[in-house]
**Student:** 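What follows is a single structure, and I will ask about it in a moment.
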Amino acid sequence: MIVPHTTTAPASPRTPRTVRKAVVPAAGLGTRFLPATKATPKEMLPVVDKPAIQYVVEEAAAAGLDDVLMITGRHKRAIEDHFDNAFELEQALAAKGDSVRLDAVRDPARLADIHHIRQGDPLGLGHAVLCARHHVGDQPFAVLLGDDLIDPRETLLRRMLEVRDRREGSVIALMEVPPEQIHLYGCAAVEPSGEDGVVRVTGLVEKPSCEDAPSNYAVIGRYVLDPAVFGILERTPPGRGGEIQLTDALEELAAGGAVHGVVFDGLRYDTGDKADYLRTVVRLACERPDLGPEFTAWLKQFVAGLTEGGAERKRLAA
């Protein structure tokens, strides 16, 4: 049989869609910080004088993501209020001529076009991301976890967006951790991509034991996801902890060669852990020009007075 000859027009090069939307899951119960989080969302715990989640939204906005969807839950109304206008407070500050605090109060609402929906049932990170489906549509989007802070001087998210534009698919942030800590994270199996600082992700495992981990590359809380992830999440059964794991959906995408990782070696702060939270507050306070000199001097005096059993019980000038 002779197959008829057909002429196919050359495919036009695809223009990558610019990522403009970010999703910030913030529906967790914050049990590691009880009783402080009994009535206060963990994302609203202050890091110096701003809630942790504001740093995350500022990072998204700095990377050009001007549409932010927050996935919240019950008892999270404080998050919505923080990113809204506060007419009475603003009026009072304006009447006092306190322009510095007035700008600080207005800034959260001016960062981006911010939306809120509730997760309803706490079924895991994968389910929280799935809740964003109608808002995101068929566009690629970023996911930023609310208790994972990246130092404002770093450009991790921008780099991830650039990799997505060039390679398409999904891009996740990876960080090398000591083998004994890998059980705290999702873990990626990787191979070289031919680009410095970028790897091809061939597999993912959620919180493996040190013996079962395919590498010491941990997944940290930054993702740029292809909308194909929604279809996979819809049929992803509950995994580790009885929750729908985003890692499990990304594992399926990785099997098809559609996931890359950007290896990050910069400054990251985990405000979901008590000790790291305290270190974050101290570090950022020391770097503030308005607080740093005085606070650092006090801190040096305090540390000099430490003993093996803890701090000496003597008064230091405030």
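It should be emphasised that the depicted structure is a prediction, and the values quoted were computed from it without experimental measurement.
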**Student:** Rounded to the nearest 0.5 Å, what separation is found between the CG atom of D103 and the CD atom of E90?
**Tutor:**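 The distance works out to 10.0 Å.
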**Student:** Please walk me through it: do I182 and Y217 pass side chain to side chain contact (heavy atoms under 4.5 Å, CB included)?
**Tutor:** CA-CA 8 Å; I182 197 64; Y217 282 104; over 6 Å; no
**Student:** Measure across V259 and A254 and return the closest heavy-atom pair with its distance rounded to 0.1 Å.
**Tutor:**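 Answer, listing the atom of V259 first, then A254: CG2-N, 3.5 Å.
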**Student:** Run the salt-bridge test on E59 and R268 with the 4.0 Å N-O cut-off and return the result as yes or no.
**Tutor:** no
**Student:** Evaluate the side-chain proximity of L250 to L225: yes if any heavy-atom separation is below 4.5 Å, no if none is.
**Tutor:** yes
**Student:** When C286 is tested against each of L291, T296, V48 for side-chain contact (heavy atoms from CB on, under 4.5 Å), which residue passes?
**Tutor:**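 Single pass found, and it is T296.
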**Student:** Please list all pairs meeting side-chain hydrogen bond (donor to acceptor under 3.5 Å, both in side chains) that have one or both residues in residues 169-186, counting only residues at least two apart or in different chains.
**Tutor:** none
**Student:** Verify the cluster assignment for V198 and L174: are they in a single hydrophobic cluster under the rule of side-chain heavy atoms below 4.5 Å apart?
**Tutor:** no
**Student:** Test side chain to side chain contact (heavy atoms under 4.5 Å, CB included) on I53 and M70 and set out the steps.
**Tutor:** CA-CA 10 Å; I53 199 168; M70 297 196 181; 3.9 Å; yes
**Student:** Roughly how far apart are R32 CZ and K274 NZ, rounded to 0.5 Å?
**Tutor:**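 These two atoms lie 10.0 Å from each other.
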**Student:** Roughly how far, to the nearest 0.5 Å, is CD of Q245 from CG of L233?
**Tutor:** 10.5 Å
**Student:** Taking the side chain as C-beta and beyond, is there a heavy-atom pair between L34 and T37 under 4.5 Å?
**Tutor:**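 A side-chain contact exists here, since the closest heavy-atom pair is under 4.5 Å.
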**Student:** Mind checking whether E195 and H260 have side chains closer than 4.5 Å, heavy atoms only?
**Tutor:** no
**Student:** Please say whether more than 12 non-hydrogen atoms of neighbouring residues, nucleotides or ligands are located less than 6.0 Å from CZ in R288.
**Tutor:** yes
**Student:** Following the transitive rule for hydrophobic clusters with a side-chain heavy-atom cut-off under 4.5 Å over Ile, Leu, Val, Met, Phe, Trp and Tyr, establish whether L145 and V56 coincide in one cluster.
**Tutor:** no
**Student:** Ignoring hydrogens, what is the shortest heavy-atom contact between K21 and V136? Give both atom names and the distance.
**Tutor:**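 Looking at all heavy atoms of both residues, the closest pair is NZ-O, 4.0 Å.
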**Student:** Looking only at non-hydrogen atoms, find the nearest pair between C187 and V219 and report the distance.
**Tutor:** N-CG2, 4.3 Å
**Student:** For the backbone of D147 and the side chain of K42, can you confirm whether one donor and one acceptor N or O come within less than 3.5 Å of each other?
**Tutor:** no
**Student:** Within the supplied structure, the quantity of interest is the number of heavy atoms (other residues, nucleotides, ligands) at a distance under 6.0 Å from K207 NZ; does it exceed 12?
**Tutor:**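 Open: at most 12 neighbouring heavy atoms sit under 6.0 Å from NZ of K207.
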**Student:** Between Y55 and T271, is any pair of side-chain heavy atoms under 4.5 Å apart?
**Tutor:** no
**Student:** Give the intermediate values and the outcome of side chain to side chain contact (heavy atoms under 4.5 Å, CB included) for residues E243 and H127.
**Tutor:** CA-CA 8 Å; E243 297 182 336; H127 181 261; over 6 Å; no
**Student:** I want to check something: taking the side chain as every heavy atom from C-beta on, are I150 and L144 in contact at a cut-off of under 4.5 Å?
**Tutor:**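 A side-chain contact under 4.5 Å is absent here.
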**Student:** More than 12 heavy atoms of other residues, nucleotides or ligands under 6.0 Å from CG of D290: yes or no?
**Tutor:**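 More than 12 heavy atoms, drawn from other residues, nucleotides or ligands, come within 6.0 Å of this atom.
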**Student:** May I ask you to test the K76-E43 pair for a side-chain heavy-atom distance under 4.5 Å?
**Tutor:** yes
**Student:** Would you check if the side chain of S193 reaches a backbone N or O of R200 as a donor-acceptor pair within less than 3.5 Å?
**Tutor:** no
**Student:** Using only atom types and a distance under 3.5 Å, with no angle test, would you say the side chain of Q119 pairs donor to acceptor with the backbone of I71?
**Tutor:**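 Answer holds: no.
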**Student:** Using every non-hydrogen atom in the two residues, find where A22 and L65 come nearest and quote the distance to one decimal.
**Tutor:** CB-CD1, 3.8 Å
**Student:** If you measure from CG on L267 to CG on L149, what distance do you get to the nearest 0.5 Å?
**Tutor:** 11.5 Å
**Student:** Do you know the tightest heavy-atom contact between L69 and A132?
**Tutor:** CD2-CB, 3.6 Å
**Student:** For the pair D226 and R164, find out whether any cationic side-chain nitrogen is under 4.0 Å from an anionic carboxylate oxygen.
**Tutor:** yes
**Student:** Do L29 and L123 sit in one hydrophobic cluster, given that two such residues count as connected whenever their side-chain heavy atoms are within less than 4.5 Å of each other, even indirectly?
**Tutor:**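 No, because L29 and L123 fall into different hydrophobic clusters, even though each may have its own neighbours under 4.5 Å.
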**Student:** Just by modelled atom types, is the P178 backbone N or O under 3.5 Å from a matching donor or acceptor in the N216 side chain?
**Tutor:**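 The answer is no, because no donor-acceptor pair under 3.5 Å joins these two groups.
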**Student:** Tell me, do L125 and Y223 make a side-chain contact under 4.5 Å, heavy atoms counted?
**Tutor:**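 Contact flag for L125/Y223 side chains = yes.
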**Student:** Check whether any side-chain N or O of N85 sits under 3.5 Å from a backbone N or O of F87 as a donor-acceptor pair, and report yes or no.
**Tutor:**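 It does not hold such a pair.
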**Student:** Give a yes or no on whether D265 atom CG has more than 12 heavy-atom contacts from other residues, nucleotides or ligands under 6.0 Å away.
**Tutor:**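 No, not enclosed.
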**Student:** Quick check: closest heavy atoms across G221 and D148, and the distance to 0.1 Å?
**Tutor:** N-OD2, 2.7 Å
**Student:** Measure from the side-chain N and O atoms of R158 to the backbone N and O of A62, and report whether any donor-acceptor pair falls under 3.5 Å.
**Tutor:** yes
**Student:** Parallel, tilted or perpendicular: which fits the ring planes of F141 and F230, with parallel below 30° and perpendicular above 60°?
**Tutor:**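 Rings of F141 and F230: parallel, as their planes differ by under 30°.
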**Student:** Using salt bridge (Lys or Arg N to Asp or Glu O under 4.0 Å), reason through E154 and R222 one step at a time and then give a plain yes or no.
**Tutor:** CA-CA 13 Å; E154 304 288 355; R222 296 296 180 271; over 6 Å; no
**Student:** So that I can tick it off, tell me whether R110 and D107 are bridged by a salt bridge, with the cut-off set at under 4.0 angstrom between side-chain N and carboxylate O.
**Tutor:**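 Judged by the 4.0 Å cut-off on N to carboxylate O distance, D107 and R110 do form a salt bridge.
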**Student:** Any chance the side chains of Y269 and D276 put a donor and an acceptor closer than 3.5 Å?
**Tutor:**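 There is no such pair between these side chains.
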**Student:** Would you check if D151 and E287 make a side-chain contact, meaning some heavy-atom pair closer than 4.5 Å?
**Tutor:**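 In contact.
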**Student:** What's the spacing between E251 CD and L246 CG if we round to 0.5 Å?
**Tutor:** 12.0 Å
**Student:** Do F264 and L184 belong to the same hydrophobic cluster, where Ile, Leu, Val, Met, Phe, Trp and Tyr are linked whenever their side-chain heavy atoms lie under 4.5 Å apart, directly or via other members?
**Tutor:** yes
**Student:** Go through it in stages, so that I can follow the logic: the residues are V143 and V23, the test is side chain to side chain contact (heavy atoms under 4.5 Å, CB included), and I'd like the CA-CA distance, side-chain angles, deciding distance and then a yes or no.
**Tutor:** CA-CA 5 Å; V143 174; V23 174; 4.3 Å; yes
**Student:** Using the rule that Ile, Leu, Val, Met, Phe, Trp and Tyr join whenever any side-chain heavy atoms are under 4.5 Å apart, tell me whether M44 and L278 fall into a single cluster.
**Tutor:** yes
**Student:** Give a yes or no on this: more than 12 heavy atoms of other residues, nucleotides or ligands lie within 6.0 Å of atom CZ of R101.
**Tutor:** no
**Student:** Kindly compute the distance separating CD (E80) from CG (D84), expressed to the nearest 0.5 Å.
**Tutor:** 8.5 Å
